[in-house]
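These figures come from a predicted structure and were not determined experimentally. So you know, we letter chains A, B, ... as the sequences are listed, proteins then strands, and number each from 1.
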There are 2 protein chains.
Amino acid sequence: MATARVEARRAATRTAILEAAWALAREEGLGGIGMRELAGSLGMAASSLYGYFDGKDAIYDAMFIEGNRALRERSLTLPTDLGTRDTLVATARAFIEFCDEDHPRFQLLFQHSIPGWEPSPEAYASAVENFEQMRRQLAQLGITNDESIDLWTALTSGLASQQVANDPEGDRWLRLVEQAVDMYIGREKP
Amino acid sequence: MATARVEARRAATRTAILEAAWALAREEGLGGIGMRELAGSLGMAASSLYGYFDGKDAIYDAMFIEGNRALRERSLTLPTDLGTRDTLVATARAFIEFCDEDHPRFQLLFQHSIPGWEPSPEAYASAVENFEQMRRQLAQLGITNDESIDLWTALTSGLASQQVANDPEGDRWLRLVEQAVDMYIGREKP
DNA sequence: GTCTATATTTGGATAGAC
DNA sequence: GTCTATCCAAATATAGAC
């Protein structure tokens, strides 16, 4: 039966819609995504989008999940045989670069930036999954203490948010990563 | 002449409008501020607001300036005779508490959270002024290096954003302040 | 599945009387 | 200064023909 082909075509269109949505967000900001404009950039009518997504919020949801998956896959490509210090450096650097290379994605994933929208439970689960992955990666480096983990998230998210907000396209905070990691692993010594 | 009285009344109304805007933002989020709703909460017509502000963006601008002034004044009440370590602890703690006690204010001041709005040059100047004040305060503690300052802003803003986003009403990141400061001032030692 | 046409809502802003 | 009455634009979403 042709169901598989139909399904594949449908999935391809969904992917194309999401890609266009990201492109639009990069041009005009997350809030600038409109159903007409989005559909127009694909050469289709706004009403056709509703055959693929339940509405605008569903599109944000799909983008949220996609963004989290991209981060998860990025994290999995990191080397793990560098020793604690260099692994942390690579991890932090990858995270900041991930945030800085796509600001709308950063805002969608980590800031509550869209008035009236919050991720659905399923979408939120993808964020939790990422957090758990980070937890496991830190655990492999011997970092299991809750406070140590919280301090790590504060440090990396602080570097990322400063980089994104105050020096996009630059590296003013990115280049502080080594210093930050050395500070982090050297803590609690007198 | 009555001009002074008139002017005072006008200023009072402006203040009342801003206060109502903050209240509305706390209830429904920054994006939830509408001219009708804002005016309604004050018992006036939406069109009357335009006698006091040029429009919605001007209201955001005034809120931005007011928020920055509140932060500046808060910073000036901090003790300065505690020694470097405890002064930094007090400073960081005050900053995180400032952010956590009013989330819309935090979003307005530190995140680009309103689609289509950015502070006017005058409003932005109030943010720059605060940054310069922080610079001076750090300088008094002997911290003048640009990278050290950037690392400090990353650390404190990271703690604040994690606290606000992931544990509002709690103190999960707030209570890491001492650890974070000790880590910060102990850095660069082998 | 995709289109055109349109319903519906919302929100900022203005006109003009009082 | 404040109101009522609108205007205007943008945006989501739906109906129904093809």
DNA chain C base-pair string [pairs: Watson-Crick or G-U under 3.5 Å; |: paired with another strand]: ||||||||||||||||||
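The interatomic distance linking F53(B) (CZ) with dT2(D) (P) rounds to 13 Å, in whole Å. With rounding to whole Å, K56(B) atom NZ is found 15 Å from dT14(C) atom P. Rounded to whole Å, atom P of dT12(D) lies 10 Å from atom CG of L49(A).
Applying the 6.0 Å contact sphere to CZ of R9(A) captures no more than 12 heavy atoms from other residues, nucleotides or ligands. Open room surrounds CD on E19(B); 12 or fewer heavy atoms of other groups in view lie less than 6.0 Å from it. Dense packing is recorded around CD of E147(B), with more than 12 heavy atoms of other residues, nucleotides or ligands lying under 6.0 Å away.
Ion pairing between R74(B) and E101(B) holds under the 4.0 Å rule for side-chain N and carboxylate O.
Looking at S48(A), its side chain has no donor and acceptor atom pair within 3.5 Å of the base of dC3(C). Residue R36(B) places no side-chain atom within donor-acceptor reach of the base of dT10(C), judged by atom type and a 3.5 Å distance cut-off alone.
An OP1 or OP2 oxygen of dT2(D) is reached within less than 4.0 angstrom by a side-chain nitrogen or oxygen of Y52(B).
When hydrophobic residues (I, L, V, M, F, W, Y) are linked wherever their side-chain heavy atoms come within less than 4.5 Å, the members clustered with V128(B) are Y124(B).
The residue among G31(A) and S47(A) whose nearest nucleotide of DNA chain D is located toward the 5' end is G31(A).
Residues R187(A) and S148(A) bring a donor and an acceptor atom of their side chains to less than 3.5 Å of each other.
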